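Worksheet for the structure shown next.
Note that ligands are numbered from 1 as they come in the structure, with each ligand's atoms numbered from 1 the same way. Numbers here are sequence positions counted from 1. It should be emphasised that the depicted structure is a prediction, and the values quoted were computed from it without experimental measurement.
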Amino acid sequence: MDRLIEIYNKEERLVVGLMSGTSVDGIDAALVRIKGKGTDTEVDLLEFENYPYSDEMREKIFKLFSPETGTVDKICHMNFILGELFANAALGVIKKAGLTPDKIDLIGSHGQTIYHIPSPIEDSGYMVRSTLQIGEPAVIAERTGIVTVADFRVRDVAAGGQGAPLVPYTEYIMYREEDKTIALQNIGGIANVTVLPAGCELDDIIAFDNGPGNMVIDEIVKRLTDGRMRFDENGALAGKGKVDQVLLEELLDDDYFKKTPPKTTGREYFGSQYVDKVIKRASELNVWGYDLAATVTALTAKSIALSYRDFIMNQYGLDRVIIGGGGSYNETLVNMIRGYLDGVEVLTQEDIGFNSDAKEAVAFAVLANEAINGNCNNAVKATGADHPVVMGKISM
Ligand SMILES: Nc1ncnc2c1ncn2[C@@H]1O[C@H](COP(=O)(O)OP(=O)(O)OP(=O)(O)O)[C@@H](O)[C@H]1O
Ligand SMILES: CC(=O)N[C@H]1[C@@H]2OC[C@@H](O2)[C@@H](O)[C@@H]1O[C@H](C)C(=O)O
């Protein structure tokens, strides 16, 4: 308890944020210095590293996503294995910064989402939503000796929210401007956006998952190259193709894109079964190779642009879009988004001096810092929760 009080009383903390996203490419570890709390929070990124999963580990994690292959024994065991990997990532980034674990105040760990049911399902007389992130925080705390805050999403779900997206709260703290409406567009496996209307309060922000980010592009590229390529590096393949407008419009005619925010989605919806359907229809229309890569890249780009038109621009206008996440390195994708958004400034996190990869890991460091301060750290407008809550469970 003394340690917790000591951390609580500090004005400035060194915090490690850990994140593994839906693309399962590895663990992002960010070491930050955080001063203050709430809207007075100031964050400096001191060090960042991505610790990629081995192909074997990645395959094992992917198996957990499907009810047929993700059996309880595997989930039980992988929770502890991932705890070890997350601990190693934390220790790695601390060492890279030339520091030792005893100098670090906190770890904020997202874990790995393996299942997410954002819409309520009735069972045994209870209507519940649910979500599951693994990567045992007790193991992280034990291996590092650092107080670890983790398992954030569940408290928001318990309060009637979808448990996602959580990053908007931190974006509100870090990016809000008085006279510009800004969209922070993350393009990971899923594409998700936070909109900060000019001069907004926390209750004014809008955030939702637009739909697929790289998830469909990655799977198509994997299948087109018989597994030789895992993603379309810099958008080179899509850049050589021509978008098939018939297939594109059919794919855009999807219930998810029409749904009004708040809304979240995941691999359960835009995963490999979705791609099976895309491929079937593409074969009927004779769309293949570079053209198919271009068409699914346009699907991500245009669904993002249309979501701004339908849910944001008519009400708030839009001055600037800042793209982050791995998709910001896909030049074809970013250029397509620019093409669909006439008159809006489209930048990447790098363009404004930040790091696209570190952003989510930094967010979980900030959420942990808020939890330790006892501050509510969910944006109810984004998750749909009934009220603000303090998310994060503490492993001493
Ligand atoms: N150089 C590149 N060119 C094109 N695409 C890239 C490049 N680098 C990364 N990507 C894409 O970014 C993806 C990883 O993005 P990111 O790490 O942001 O996802 P994530 O955090 O796992 O997902 P989410 O935010 O949905 O949880 C890769 O799967 C790949 O599709
Ligand atoms: C359940 C879950 O892990 N959701 C992720 C996922 O990846 C992107 C998008 O879908 C977003 O809603 C969320 O992650 C980010 C970090 C968030 O909570 O803001």
Side-chain angles (χ1 to χ4, degrees), residues 17-28 50 52-53 58 61 65 108 110-118 129-135 151-154 156-157 161-172 184-194 207-222 229-239 261-271 293 296-297 300 323-334 348-350 355-364 366-367 377-379 382-384 391:
L18 300 172
M19 171 74 191
S20 175
T22 46
S23 306
V24 200
D25 41 1
I27 300 171
D28 292 326
N50 171 271
Y53 291 120
R58 200 164 178 262
I61 297 171
F65 298 156
H110 170 267
Q112 173 70 54
T113 295
I114 60 165
Y115 219 76
H116 184 57
I117 306 178
R129 311 167 198 268
S130 58
T131 189
L132 183 58
Q133 286 72 43
I134 62 170
D151 214 5
F152 292 87
R153 299 191 190 277
V154 286
D156 181 82
V157 172
Q162 302 204 0
L166 301 189
V167 167
Y169 177 83
T170 62
E171 290 172 326
Y172 168 72
L184 290 141
Q185 181 63 58
N186 181 62
I187 310 182
I190 292 295
N192 57 294
V193 69
T194 302
F208 57 93
D209 291 352
N210 319 71
N214 298 295
M215 193 172 277
V216 177
I217 302 171
D218 286 359
E219 186 67 25
I220 289 283
V221 164
K222 210 164 101 187
M229 287 173 70
R230 264 181 35 207
F231 62 96
D232 184 8
E233 197 163 353
N234 305 332
L237 302 183
K263 56 179 179 176
T264 62
T265 186
R267 206 170 275 289
E268 302 75 25
Y269 196 89
F270 289 109
V296 292
T297 303
T300 293
I323 302 179
S328 65
Y329 304 123
N330 183 328
E331 286 164 26
T332 308
L333 176 61
V334 173
T348 63
Q349 287 284 340
E350 276 71 14
N355 178 324
S356 282
D357 296 325
K359 197 168 159 268
E360 290 185 345
V362 170
F364 283 92
V366 172
L367 290 176
N377 52 4
N378 61 335
T383 65
M391 301 181 298

Would you call [X] and [Y] a side-chain contact if the rule is heavy atoms closer than 4.5 Å?
{"X": "Asp28", "Y": "Glu360", "result": "no"}
{"X": "Leu166", "Y": "Leu367", "result": "yes"}
{"X": "Thr264", "Y": "Pro165", "result": "yes"}
{"X": "Tyr269", "Y": "His116", "result": "no"}
{"X": "Lys359", "Y": "Val167", "result": "yes"}
{"X": "Gln349", "Y": "Leu184", "result": "yes"}
{"X": "Ile190", "Y": "Thr265", "result": "yes"}

N or O contact, [X] vs ligand 1, cut-off under 3.5 Å:
{"X": "Gly326", "result": "yes"}
{"X": "Gly325", "result": "no"}
{"X": "Asp28", "result": "no"}
{"X": "Gly189", "result": "yes"}

Answer side chain, backbone, both or neither: which part of [X] comes under 4.0 Å from ligand 1, heavy atoms only.
{"X": "Tyr329", "value": "both"}
{"X": "Met215", "value": "neither"}
{"X": "Asn186", "value": "side chain"}
{"X": "Asp25", "value": "side chain"}

Between the side chains of [X] and [Y], is a donor N or O closer than 3.5 angstrom to an acceptor N or O?
{"X": "Asn378", "Y": "Asp156", "result": "yes"}
{"X": "Asn214", "Y": "Tyr329", "result": "no"}
{"X": "Arg153", "Y": "His110", "result": "yes"}
{"X": "Ser356", "Y": "Ser328", "result": "yes"}

Quick one: look up the protein heavy atom nearest [atom] and list residue, atom name and how far away it is.
{"atom": "atom 8 (C) of ligand 2", "value": "Asn192 OD1, 3.4 Å"}
{"atom": "atom 17 (C) of ligand 2", "value": "Leu166 N, 3.3 Å"}
{"atom": "atom 5 (N) of ligand 1", "value": "Phe231 CD1, 3.6 Å"}
{"atom": "atom 4 (C) of ligand 1", "value": "Asp232 O, 3.1 Å"}
{"atom": "atom 20 (P) of ligand 1", "value": "Ser23 OG, 3.5 Å"}
{"atom": "atom 13 (C) of ligand 2", "value": "Arg153 NH2, 3.5 Å"}
{"atom": "atom 24 (P) of ligand 1", "value": "Thr22 OG1, 3.2 Å"}
{"atom": "atom 3 (O) of ligand 2", "value": "Thr113 OG1, 2.6 Å"}
{"atom": "atom 9 (C) of ligand 2", "value": "Asp209 OD1, 3.6 Å"}

For [X], the ligand 1 atoms whose distance to one of its heavy atoms is below 4.0 Å:
{"X": "Gly21", "value": "20 (P), 21 (O), 22 (O), 27 (O)"}
{"X": "Gly188", "value": "15 (O), 16 (P), 18 (O), 19 (O), 23 (O), 24 (P), 25 (O), 26 (O)"}
{"X": "Glu360", "value": "21 (O), 25 (O)"}

| field | Main-chain N/O of Gly213 paired to Thr300 side chain as donor or acceptor, under 3.5 Å | value | yes
With atoms numbered from 1 as shown, which atoms in ligand 2 lie under 4.0 angstrom from a non-hydrogen atom of [X]?
{"X": "His116", "result": "1 (C)"}
{"X": "Ala164", "result": "12 (O)"}
{"X": "Glu360", "result": "16 (C)"}

| request: Check Val216, Asp218, Val221 against Val296 for a side chain to side chain contact (heavy atoms under 4.5 Å, CB included) and give me the one that passes. | output: Val216
Out of [options], whose heavy atom is nearest to [atom]?
{"atom": "atom 11 (C) of ligand 1", "options": "Asn214, Thr113, Val334", "value": "Asn214"}
{"atom": "atom 3 (N) of ligand 1", "options": "Val216, Asn234, Asn330", "value": "Asn234"}
{"atom": "atom 29 (O) of ligand 1", "options": "Thr297, Asp218, Val221, Asp209", "value": "Asp218"}
{"atom": "atom 7 (O) of ligand 2", "options": "Thr22, Thr194, Leu367, Thr170", "value": "Thr22"}

| task | Give a yes/no on ligand 1: does Gly213 have at least one heavy atom closer than 4.0 angstrom to it? | result | no
| task | Supply the atom-to-atom distance Asn330 CG to Leu237 CG, rounded to the nearest 0.5 angstrom. | result | 9.5 Å
| query | Rounded to the nearest 0.5 Å, what separation is found between the CD atom of Gln112 and the CE atom of Met19? | reply | 7.5 Å
| query | Polar-atom distance check: Pro168 versus ligand 2, any N or O pair below 3.5 Å? | reply | no
| Between Phe231 and Asp25, is a side-chain contact (heavy atoms from CB on, under 4.5 Å) present by the stated rule, with each step listed? | CA-CA 11 Å; Phe231 62 96; Asp25 41 1; over 6 Å; no
